[in-house]
Amino acid sequence: MAGGFVSQTPGVRNYNYKLTPKVFVTCFIGAFGGLIFGYDLGISGGVTSMEPFLEEFFPYVHKKMKNAHENEYCRFDSQLLTLFTSSLYVAALISSLFASTITRVFGRKWSMFLGGFTFFIGSAFNGFAQNIAMLLIGRILLGFGVGFANQSVPVYLSEMAPPNLRGAFNNGFQVAIIFGIVVATIINYFTAQMKGNIGWRISLGLACVPAVMIMIGALILPDTPNSLIERGYSEEAKKMLQSIRGTDEVDEEFQDLIDASEESKQVKHPWRNILLPRYRPQLIMTCFIPFFQQLTGINVITFYAPVLFQTLGFGSKASLLSAMVTGIIELLCTFVSVFTVDRFGRRVLFLQGGIQMLISQIAIGAMIGVKFGVAGTGNIGKGDANLIVALICIYVAGFAWSWGPLGWLVPSEISPLEIRSAAQAINVSVNMFFTFLVAQLFLTMLCHMKFGLFFFFAFFVVIMTIFIYLMLPETKNVPIEEMNRVWKAHWFWGRFIPDEAVNMGAAEMQQKSV
Ligand code: BGC
C-alpha cells in the first residue's frame, strides 16, 4: 500500500462492534485515496506514448520515435520526458514529510481535503496544458495531493476500521492503487484512439474525478475517534466510536484509545529512538524493504509498459492493450496476497514471488537480447512479442503477491509505537525517492544498458531474495508487543536485542530509550 498503514496488532483484544454502514463508507473513501495514486501511476506511461502529446511537447522525441533507423533502445530517451513522470514523486516525497503534522494538528479529514484540492488543481493544469511548464507544475501539484492523501487516508482508514479488520484494510488499499492503474490504462486505451490533442487532455484531466470524490468525501465524513481524542474532544470521540461501532458498549476500546493517545504523547524522540541499537532490525528493514521494492523494476512496467511495448515493435493500440492486460493481471494477483498472506506467511510469498520475478526477468532480457542484439536493430515476430508479454505478466504476478503489498505491510507491522512515526516516514520517503529515480532514469538506462537492464533488475532480485531468506523472520500473526521475541530468536538480530526488551511494552521501552 502506498503511504503504508499503521497496523496495530489485530486480534489482541476483541472489542464489541458491528459492521456499520459508516465503516463501509470510509472504505469507499479509502478506495478513492488509493485510486488517485494508482491513476497517476498508470496514466503517464500511456500518455507519453501518444503521438499528439509527444508532437505537442516533445517534438524531438517524436522525431526520434518516427525514425526507422533509430536504435530501438533509445527511441524515447529524453530527460525532460521522464521528468514529466518523475516530478510527481519528488513532490509526493516532500509533502509526505510535512503532511503528518497537518494530519495530526488539523485532523485527518482536512489533510485529505487538502490532498484532493491540490490534486484537482493539478489535473486542471495538466488537462489544459499549453507548454511544458504547465505540465510540470500540474504534475508537482498532483504529487502534493498524493503525498497528503497517502499520509492521511491510510491513517483515517486504520483508525475507523474495527481492529480485527485492519490487516484486510491494509491490503485493500494496495488493491485500490492497482485498480486506479487499471482504470488509467483503460482510459488511455480509448483516448489514444481520438484524433488530435483531445485524447491526452482527457486522460490527464480525468484525474479530477477521484479528486472531487475525495474532497466531497472529506467534507462529509466525520473525524476519527483517535483524532478527536488527540485534539482534546473526548466526549465527541466516545459518541463517534459508539456510532461507527454500532453499539454503546465501547468502553474498553475507548479506554485503549485514550491510553494509546497518552502513550503516544510521551513518545518524544522517535527519530532518536530508531537509531538505538535495539531498533536496528526495524531501521534496516524500513530502509531496505522500500529500496528493494523499487529495485524489483516494477515501475518500469507501471510507468513505461506502453513505451516498452512500442520499443518491442508493437503498434500504439496493441501497446496500450498489453499494458491494460498486465494491469488486470496485477490486480487479480494482488488478491492472492490478500487471501494468503496470513495463512502462508510473509516469507513464503516474498521468496516464491522473488524466484518467479527472477526467472521471468532473465527470460525477458535474453529474448530481447537475442532479437535486438546490442545494436538495438531488428524485428521481432508476433509470436515472440506475445511470448514477451506473457513473461511480463508472469513477472507482474510474482510482484503482485509478494513485494507489492508486503513492501508496505511488513515495515508497518514491525515498528512499535516508540519508533512508529519515524519508521513510517522513512518507509514512505525511501519508497518515493527510489520511485522517482527509477522513473527518471529508466529510459536512459534502457538506451545505455539495453537488454542488460533486465539483468540489472534480476541481479537485485537475487540480492533481495537472499536478504529476505537470511534477515527477515516470519512476522505472520505476531502481535507488535511480541515482536522483540522474534528478533531476539533470530540468528543475526538477536545480538542487538537486550534480554529485558523481550517482554516490554511500548511505554517501558520508551522510558528505557530516553
Ligand atoms: C509500489 C508502487 C507500484 C505499485 C503498483 C506499490 O506497492 O509501491 O511503486 O507502482 O505497487 O505496482
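Any value given below was found using the heavy atoms of this structure, including those in side chains, with hydrogens, waters and symmetry copies removed. Here the structure is a predicted model, which is why all the values come from computation and not from measurement. For ligands, and for the atoms within them, numbers begin at 1 and follow the listed sequence.
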Subject >> Interfacing atoms of ligand 1 (cut-off 4.0 Å, heavy-atom, Ile298) >> reply: 12 (O)
Original post:
Any idea which atoms of ligand 1 are less than 4.0 Å away from a heavy-atom of Trp408?
Top reply: 6 (C), 7 (O), 8 (O)
Would you list the atom pairs, donor with acceptor, under 3.5 Å between side chains in residues 394-401 and any protein atom, with sequence neighbours excluded?
unit_1 : atom_1 : unit_2 : atom_2 : d
Tyr395 : OH     : Thr296 : O      : 2.7
Tyr395 : OH     : Ile298 : N      : 3.0
Trp401 : NE1    : Gln352 : OE1    : 2.8

Original post:
Does ligand 1 have any atom that is closer than 4.0 Å to a heavy atom of Ile177?
Top reply: no
Subject >> Phe53 and Phe84 aromatic centres sub-6.0 Å >> reply: yes
Subject >> Those atoms of ligand 1 less than 4.0 Å from some heavy atom in Asn431 >> reply: 8 (O)
Original post:
Under 30°, 30 to 60°, or over 60°: which ring-plane class applies to Tyr89 and Phe37, parallel, tilted or perpendicular?
Top reply: perpendicular
Original post:
For ligand 1, which atoms, with element, lie under 4.0 Å from some heavy atom of Ile178?
Top reply: 5 (C)
Subject >> Test log, rule ring-ring contact (aromatic ring centres under 6.0 Å, His included), inputs Phe467 and Phe288 >> reply: CA-CA 9 Å; Phe467 175 82; Phe288 275 85; 5.7 Å; yes
**OP:** List every atom of ligand 1 that sits less than 4.0 Å from any heavy atom of Thr302, numbering the atoms from 1 in the order shown and giving each element.
**Re:** 10 (O), 12 (O)
Original post:
Do the side-chain N and O atoms of Gln174 and Thr334 include a donor-acceptor pair separated by under 3.5 angstrom?
Top reply: no
**OP:** Measure the distances from the heavy atoms of Ile301 to every atom of ligand 1 and state whether one is below 4.0 angstrom.
**Re:** no
Original post:
Should you measure from each heavy atom of Gly404, which atoms of ligand 1 turn up under 4.0 Å away?
Top reply: 7 (O)
Original post:
Is the count of non-hydrogen atoms from other residues, nucleotides or ligands lying under 6.0 Å from Phe57 atom CZ greater than 12?
Top reply: yes
**OP:** For atom 5 (C) of ligand 1, state which one of Gln293, Glu330, Gln294 supplies the nearest heavy atom.
**Re:** Glu330
**OP:** For ring-ring contact (aromatic ring centres under 6.0 Å, His included), just list the numbers for Phe460 and Phe456, CA-CA rounded to whole Å, side-chain angles, deciding distance to a tenth of an Å, and then say yes or no.
**Re:** CA-CA 7 Å; Phe460 278 99; Phe456 169 83; 5.3 Å; yes
Original post:
Any idea which atoms of ligand 1 are less than 4.0 Å away from a heavy-atom of Phe399?
Top reply: 11 (O), 12 (O)
**OP:** Quick one: which residue pairs count as a ring pair (Phe, Tyr, Trp, His ring centres under 6.0 Å) with a foot in residues 336-361, not counting sequence neighbours?
**Re:** Phe350-Trp403
Original post:
Does Gly407 reach ligand 1, in the sense of a heavy atom lying below 4.0 Å from it?
Top reply: no
**OP:** Check whether any N or O atom of Trp403, backbone or side chain, sits under 3.5 Å from an N or O atom of ligand 1, and answer yes or no.
**Re:** no
**OP:** Indicate the ring-plane relationship of Trp487 and Trp493, choosing parallel, tilted or perpendicular according to the 30° and 60° boundaries.
**Re:** perpendicular
Original post:
Quick one: does Thr435 get an N or O within less than 3.5 Å of an N or O on ligand 1?
Top reply: no
Original post:
Counting from 1, what ligand 1 atoms have a heavy atom of Leu41 closer than 4.0 Å?
Top reply: 10 (O)
